[in-house]
Protein chains: 2
Amino acid sequence: MPSRATTPRPDRGAWRKTEIIEAAAQCFMERGYHATGVDDVARRLGCTKGRIYHHYASKTDLFFAVHREGMARLFAAQEAILPLPENALEALCAMLTAHANAMLEHHTYESVVAQGVQVHRFEATTPDQRDTMAALIAERDRFEALFKARLARGMAQGSIRESDVSITGKVLLGALQWSIIWYRPRPDDDAAHRADLAARMVAPLIEGLRPPG
Amino acid sequence: MPSRATTPRPDRGAWRKTEIIEAAAQCFMERGYHATGVDDVARRLGCTKGRIYHHYASKTDLFFAVHREGMARLFAAQEAILPLPENALEALCAMLTAHANAMLEHHTYESVVAQGVQVHRFEATTPDQRDTMAALIAERDRFEALFKARLARGMAQGSIRESDVSITGKVLLGALQWSIIWYRPRPDDDAAHRADLAARMVAPLIEGLRPPG
DNA sequence: GTCTATATGGTGATAGAC
DNA sequence: GTCTATCACCATATAGAC
């Protein structure tokens with residue numbers, strides 16, 4: 001990375017692309033994939049769709065880019081808390097809390113992830129798009145497996161209550177992912193507020209409803 | 001209602017209407033509201049859209065009808081388990097189990113409910129549709145309040161662990177509602193299988209992850 | 001790289017025959 | 001009550017000027 005000091009911004013092309021998927025993510029979140037037109041995204045950027053089609057081949061590609069970024073942020077949140085404690089219950093608590101935080105912080109992108117591949121299951125045309133779709137599904141499975149592995153380990157080591165690992169995993173993640181339905185970021189929303197909310201979301205999952213004693 | 005004995009079916013009009021929203025529900029579930037055309041619904045019924053537009057004024061009205069039916073079935077599932085035990089933890093356990101069962105059994109309709117009013121928040125045009133929308137939102141709030149009330153009562157009587165009632169309510173319901181994402185009914189899916197699945201879904205919510213002792 | 005203008009296909013909805 | 005035929009509109013995507 002030498003001899004680049006002249007340009008204030010290293011590569012404007014990359015910046016443009018992220019700027020576009022950011023706008024697209026907001027539109028897709030607010031109105032859903034099918035209801036948003038490429039013109040809507042352009043209007044939000046203050047430009048015309050010419051710019052968008054210069055950077056992305058199709059609206060579908062745009063959606064996939066947003067989805068990919070959303071998944072990347074979920075994985076990043078998990079990597080940020082490594083290494084995890086050996087006790088699986090403590091580890092899972094940290095993982096769920098980090099996930100809840102990520103769902104809230106990246107609410108825009110995760111809303112799009114939730115719409116998910118399902119939107120395109122019946123209309124993936126080009127083989128290239130089919131590959132992208134398969135890759136995204138694989139990513140989601142890999143993410144879910146992260147949690148299921150800890151669950152299984154915890155049950156083996158006795159730190160987590162016995163239950164159906166597969167279903168419990170889906171229930172736990174679903175409980176947090178459903179926040180995209182009811183959570184709406186507010187102007188005064190800061191990291192502390194989100195952390196507080198995340199803790200309140202995870203607590204009942206760890207402790208259950210049954211009172212102590 | 002006299003002199004109608006000749007017709008084998010009392011009111012075929014009503015049957016037609018339910019037949020239509022059944023087909024619409026399946027289409028909306030599979031491809032989403034915007035992606036499904038009125039022609040798709042007609043094709044599934046083996047007719048043309050003339051019939052559909054004779055019974056429903058617009059595609060939006062069709063969606064609302066499906067949504068309304070979905071909510072009605074959720075309420076029906078709760079009413080079916082009345083009266084509930086006085087102990088709020090036991091009551092909530094029964095409510096959650098019934099809700100999980102309903103989500104699985106009426107998977108088609110509840111998928112549409114989940115797409116929900118959000119789809120139309122930004123595009124409800126006529127004042128009539130706006131009223132319908134408001135009514136559906138009110139129904140959903142009323143349903144959620146059912147669970148929150150029990151939670152609050154349980155915490156007051158000591159049968160349920162203390163937590164943030166509002167958030168815990170959303171987390172519990174979200175955990176079950178997320179099943180529309182991963183659950184796909186199978187040919188051999190009977191009531192017993194759904195009941196078993198529902199029990200496995202609710203168990204970790206009641207007990208939490210922390211092991212006994 | 002970004003814009004304007006346009007081609008093209010599809011979709012909600014209506015009119016009128018039967 | 002249901003169908004066929006059709007309209008009017010909108011959205012994706014492209015072509016070419018700047």
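Just so you know, these numbers come straight off a predicted model, no measurement behind them. By convention in this document, chain letters (A, B, ...) are assigned in the order of the sequence lines, proteins followed by strands, and residues within each chain are numbered from 1.
The closest donor-acceptor contact from the side chain of A/D131 to the backbone of A/D128 lies at 3.5 Å or more, if one exists at all.
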Margin query: Under the criterion salt bridge (Lys or Arg N to Asp or Glu O under 4.0 Å), I'd like the reasoning laid out for B/R43 against B/D40: C-alpha separation, chi angles, the key distance, then a yes or no.
Written below: CA-CA 5 Å; B/R43 198 173 314 125; B/D40 295 328; 3.2 Å; yes

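With the nearest nucleotide of DNA chain D identified for both A/A57 and A/D40, A/D40 has the one nearer the 5' end.
The pair A/E144-A/K148 counts as a salt bridge, with a side-chain nitrogen and a carboxylate oxygen less than 4.0 angstrom apart.
For DNA chain C, the residues of residues 46-56 of chain A within the heavy-atom distance limit of 4.0 Å (strictly under) are A/C47, A/T48, A/G50, A/R51, A/H54, A/H55, sorted by number. Sorted by residue number, the members of residues 20-38 of chain B with any non-hydrogen atom under 4.0 Å from DNA chain C read B/T36, B/G37, B/V38.
Atom CG in A/D39 sits roughly 17 Å away from atom P in D/dC9 (whole-Å rounding). Remark: P of D/dG1 and CH2 of B/W15 are 16 Å apart, rounded to the nearest angstrom. A straight line from CZ of B/R43 to C1' of C/dG12 spans 15 Å, rounded to a whole angstrom. Computed from coordinates, the A/R16 CZ to C/dC3 C1' distance equals 13 Å when rounded to whole Å.
Here B/H34 and A/Y33 keep their ring centres 6.0 angstrom or further from each other. For an aromatic pair to be called close, the ring centres must be under 6.0 Å apart, and A/H99 with A/F143 satisfies this.
In this model, no donor atom of one side chain and acceptor atom of the other lie less than 3.5 Å apart for B/E30 and B/Q26.
In this pair, A/H120 and A/F63 present their aromatic rings tilted. The plane angle is within the 30 to 60° band. Ring orientation note: the planes of A/W178 and B/W178 are nearly perpendicular, at an angle over 60° on the 30°/60° scale.
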